[in-house]
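Working notes, beginning with the structure itself.
In this text the structure is predicted, and so the values were computed from the model without any measurement. Naming: A, B, ... by sequence-line order, numbering from 1 per chain.
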Amino acid sequence: MNPRGPSLFAALKSDARAAARTALVTGAFAAITAAALLAYHVRGSAEDFIDSAEIADLKSALAADPDNGALKIEIQERDLAIRRAYFAKLARLDRGIYLLLGGVLAFVGSLAWMAFARRAAPKPGAAEPTAAAEARATLSARWSVAALAVIAAGLGAAWAGRSDLAFLDRAVQAIEEAKAPPVLAPPEEIAKQWPRFRGPGGLGVSAYLNVPAEWNGASGAGILWKTPVPISSDNSPVVWGDRIFLSGATKKRREVYCFDAATGALLWTGKVERVPGSKDGPDDIMEDTGYAAPTVATCGRRVYAIFANADLAAFDFDGRRVWARNLGVPENNYGYAASLLVYRHLLIVSYDQAKPEDNKSRFLAFDIRNGKTVWDTVRPVAASWDTPIVITHAGVDQLITCSNPFVIAYAPDTGRELWRADCLNDDVAPSPVYAGGLVLAVNTGAQLSAIKPDGTGDVTKTHILWLAEDGLPDIASPAATDDYVYLLTTHGLLTCYETKTGKLLYEEDTDLSFNASPSIVGDKLYLISTKGVAIILRIGPTYEELGRSELGEGVHASPAFQDGRIYIRGKKHLYCIGAR
Amino acid sequence: MSDHETTPIPRRGFMRAAARAACALGIGGGAAYLVAPRTPGERVWQIDPEKCIACGNCATYCVLRESAVKCVHSFAMCGYCELCTGFFNPSPNDLTTAAENVLCPTGAIVRRFVEDPYFEYTIDQNLCIGCGKCVKGCKMFGNGSLYLQVIHDRCLNCNQCSIAAACPSEAWVRVPAARPHLWKKVT
Amino acid sequence: MRFPIVPTLALVAILSGGRAAAEQRFPPPDFSPGYSLPVTEAQGAPARADARGYIDAAVLAGALALASYLALGRRSRRGLVLLGLGSLAYFGFYRHGCICPVGAVQNVVLAITDPGYALPLTAALFFALPLLFTLFFGRAFCAAVCPLGAVQDVVLASPVAVPGWLARALGLVPFVYLGAAVLLVATGSTFLICRYDPFVGFFRLSAGLDLTIYGAALLIIGVFVGRPYCRFLCPYGALLGLVSRLSWRRVTITPAECVRCRLCEDACPFGAITTPSPETPPARRAGKTALAVTLLALPLLMGLGALAGRALSPAFAHTHATIRLAERVWLEEAGEVEGTTDQSDAFRATGLALDDLYLAAGALRARFDTGTTILGVFAGLAAGATLLRVSLRRTRRDYEADPALCLACGRCYRYCPVETDRGKRHRKPREAAP
Amino acid sequence: MTARGAISTRAAAGLIVFLALVAAVVAVALHDPIGRRGNRLGRDFAYETKDLRPIPPDLIRYAERAAFDAGLAVPRAIAVDAGDKIYVAGDRAVVWFTTHGAPAGARALDGEPTCLAVGADGTWHVGLGGHVEVFDPAGARAAAWTPHGARSYITAIAAAPDAIFVADAGERLVLLYRPDGAFVRPIGGRDAARAIPGLVVPSPFLDLAMGKDGLLRVTNPGRRKVEAYSLEGDLCFAWGEAGAAIDRFCGCCNPVHLAVLPDGALVAAEKGLATVKVCEPDGALRCVVAGPDLLGENALGCDVAVDSRGRIVVLDPAAKKVRIFEPAPPGGSRSQETGSAHE
């Protein structure tokens, strides 16, 4: 051994400057290698296999131009080039990583060398530990634990604030709700509200007698408030407690609105969008029908809406969507228009479509809790635009439906047919009514039929008490008391029959045009024209006009009557008529 | 705790020894208990081909730069199609092995003529990165004879497979190491 | 767990697999003689779990024994450094840092909570061996066997002391991390420790960019702060710290009687050297009051922790795939999001009922509610215990290594004049020549 | 080192540690272990069939008029009898429905059915894997034929008054039997002398139907063709080309099911991008019944049958439904003429 070796080595070993320079050089090498690798990693990824959009583009170009030989060759060349670049890159990455590893090792080694060369002789600390210092340390340790807890709490709060499981509450709640008996409003409560098209029974009869008979839209007299409705549609207001519900739709947007009965303020807008299976449209719809002709319905806890594209949705009273489904656009040449109705825990939907022989018309009942189908009955009828009613005759609930060519009664809880009468024709838009123990069904193509609803099977020949053929309406539904039946045509002809016999009592041409159905308030009949002129008549055997009021805005929807108030949907606004 | 000086040291030492013994028994016994009573043997990660949706995560979420998941081919299930939808684009320009017709982005599938009208397709495992593109093509139109499997001489068998954590269809399962593959079987 | 729906999935797969089975029975083409079906690629490739695992366990046991001997018997810092480099090379770069004892904690928890999971012997040994060695010889595992520790020890070039109070507080983090990791395994969510292992990507030379930055950042911190992962994050270190308090033998700074020269005071980069008690003790009364207050506050802390943990339950629950899937599907069904994901598509393809998914998620949430509450109580307990330790006073006459904090790295040996003296006497003549 | 030097070293260390800490926190926050960001593979790695799915709307000249649940876990085959009753085989049973889809009866089988044919006289022929069983119109088992070969796998049967054609996908042959079960001859085997290239059947889908012109139509899925054979087994002509265009057969092995309309046109069903289309007897595309937008993407293939009124009855194995299609004006299913009373 060279005797000078060890001493040179020892000298070098404690040469701090040499160590520092080595550390500098090796550190710089490692840093540059790392930076180059990183840059290579970031920049190179565009040429990577991992991002090969170029080839995909070329391939789709070739699909459009399958005989382009140049394109084929270009694809082959690009493919080869990308592949070569990829493997070259992998090789370079491999080399680079080992270079980096070596550099880092050398750097760490020289750092250790430097630390060794610079090591100072151990020195005792400045001062002996004292009790005061120890107490200070104890205190600051406590505070630091507290500070850490505060920081952790802050971070935790920020984290927790970003995620909640509200969806799970609602999902599990819905499952449990579907298992538990449904929560339903009592019938006497329903009778006080206006939960569907034409009120509690669908008959257009007000439960209150104290409703205003005079107002003026131009002066604002008798108008409590008016509020704009975002999307104009022809469905009618529905009222439960202090909430008023409407819907509105265009070809692409479908919305449910909730207004405050006290002020008219729009409380919330429920958007019906992204329903599984839903499509916008349909295209070929009649403008007069629009995309939201059906009136919404409520059970007192939720509100249900259906639109022309057969999107069916349920919202709770706070505007949260509970469920939604799409039934598939029905074959309906004017556009879907039948309103919804809630019977106990069932939401009953008229899904009539096409022609009778197509066998495509159906009635469906959905569980209001989760939108699952409870029953589904196929009907031998055509498309229809009227809204069914549920009557209780002799203690039996019957769902009365009208469509060319049959009036059919079903058991509303099962969808089982009870009876049918062949007395309709063509397009049926007026809804049936029930008065004096008779079901009254009418449309222009046929006649007004008074049917005793206590038969079974085909009752056409046995249970039709009388027929009448004058003043048959095409849109507006009839209004009837136990004594009088009123028919109102679009062109303003009002016809009055005696309910028990079908005897024609009078015909009066009002010279107005009507879409809204007539309504009954005590002994008064309310008619509202498409121009917004309301005629109030005395119900009786002769035409006796009590007054006229003008809203100053067109009206196609039927009014809703509540305690001292009438809610009318104009073409653009929702009006509340009543005394302050 | 300034009773240090009056307490005989042995008492503290004895308590420590007892605690230590208890601890040792706890750790050793616990581990032994967990290992002993149910020894179905070692487990390794594998893909259930019936659940796999060939989403492509296997190619990128493996801790290895080149994934341990690769395509395998069950020849007994293969139709030996002339127009293999696992090999060719969905609408190939021509039935040749030129790049513009071939589905596999890494060119890992080898097509070989056997006899009219049959062609054999084998996977070059050095090139396959486990993206599952051919798996989709084969499953959609064909017999599903191409599918993804963990290749166990590559798999590190991590504690929790990082692809499994990113698998959208819960297709990753632990299987006995003695039978580490979930082959689609011909019975 | 993730797994209540798994048996159902399997059932559905069996029920709906009829057509697939028919396809599989279908005969392959009738080739001319001479062609035989090739063997499916990788058919021959065996799983490489078994033997390797046992070798690893044997190497681990050997390394632990050697480390204990080097730290306690030989008292050789140099030996520990070399062993650490060896462990880094073997367990780290050669075996890619997997399986490691830090992660094995999770396997053990999974084996306890999931009856369908069999704990591999290797994982059991990796979990138990370091604990047992620590129980008898202190944290020799941390000193020179753990590759995560070794890589940090290598970069520690310019140690800066972390103030004691800060180290105390940060020392709580590993316990919370451990608790969270146990919770996430017990609920079947994920292996948190493995997912956020900072250095395993380096060992495999294939980390993603994010984890590379994370690991590099820890190493840069580690140049100045001794072993930041081991001291302020490592959940297994928290366990080892607890166990090492009971250790039979452990590192002593001086091999013989301490002469209280105070030279070793700054020797430890991990703040593990405790100073002797001051000559004049502080007022005993104040100390006792503080102790009593802390004891009384302990239940309060645990209660607060429980509340905080409960509040974090939804956030923790989102780590679980089933909860995330249920949320996604629910949002899709409710129309609150556009389109579908691979996850929701795959779920729908199974044909399982939505309600079952929601109920499974609901059951999981209940587990998370309980689990996070327990985690909160545990965190409160850990904080209280730290405060108690701060308040407890014990008379120390010498400079000692805190058994919980000492990583047995042997750096302090060089500072002790007693050691140097003894070393000179024991050193071989050839080395002593110059 | 001076005190100031020590302080500045500490400050520098503190700064570096702080910056590294921030980087670490950001990196951890960005880490995505659960696959939220998807596979991050380029476009060339995506298997895209979106471009192949759309069908020109004016080609769709059928509309779905009804659909009902088959009530089977794995429905496999469908047939319509002379009285338009609809039969569905699957789940080791045959179930039948009225022409409107009301359940009308069921009969259990000894094995898993693979195909089904109901002849004009009401006799059923059911393929049960390797062999055929014959049932009288009342559903009583009349005969069980022995398998033709060891690998026989029956995927289709067509009953003519004096001949029963059996598609044996396993043997890759069509087998001609007399109604009493006597084997007459194989059809479709490779025969260079008669210029028959042979049936290529990569998967258990081989269908046949008796054309109105007296020629037997057989699918040759591996060659993406439909072949017409005489009863003597001569290949008269073949048509069909591979390709994604709507008038071609897409994928590796299509078409998979055939039926014949009353006017002689062929209904062909494809798997993969599930499509049902109507072709003239010579192969020209007449129109499309339903495409993948309606039937989905699946490798199962929809069995088809035609009733006496020309309605096309499709068995959708993914939805487990029977779907009934009727001719409709192109572009949609809306009926155009209705009453006119509405304003």
Q) For B:R179, does the CZ atom sit with more than 12 other heavy atoms under 6.0 Å from it, leaving out its own atoms? A) no
Q. Which distance, rounded to the nearest 0.5 Å, do you find between the CG of B:N93 and the CD1 of A:I75?
A. 8.0 Å
Q. In terms of heavy-atom proximity below 4.5 Å to chain A, should B:N89 be classed as side chain, backbone, both, or neither?
A. side chain
Q: Quick one: closest heavy-atom pair of A:D79 and B:P105, and the distance?
A: OD1-O, 4.4 Å
Q. Can you tell me how far CD1 of A:I82 sits from OG1 of B:T106, rounded to the nearest 0.5 angstrom?
A. 12.5 Å
(Q) Distance check, rounded to the nearest 0.5 Å: A:K59 atom NZ versus B:E100 atom CD? (A) 9.0 Å
Q. Looking only at heavy atoms, what is the nearest atom pair of B:C104 and A:R83, with distance?
A. O-NH2, 4.5 Å
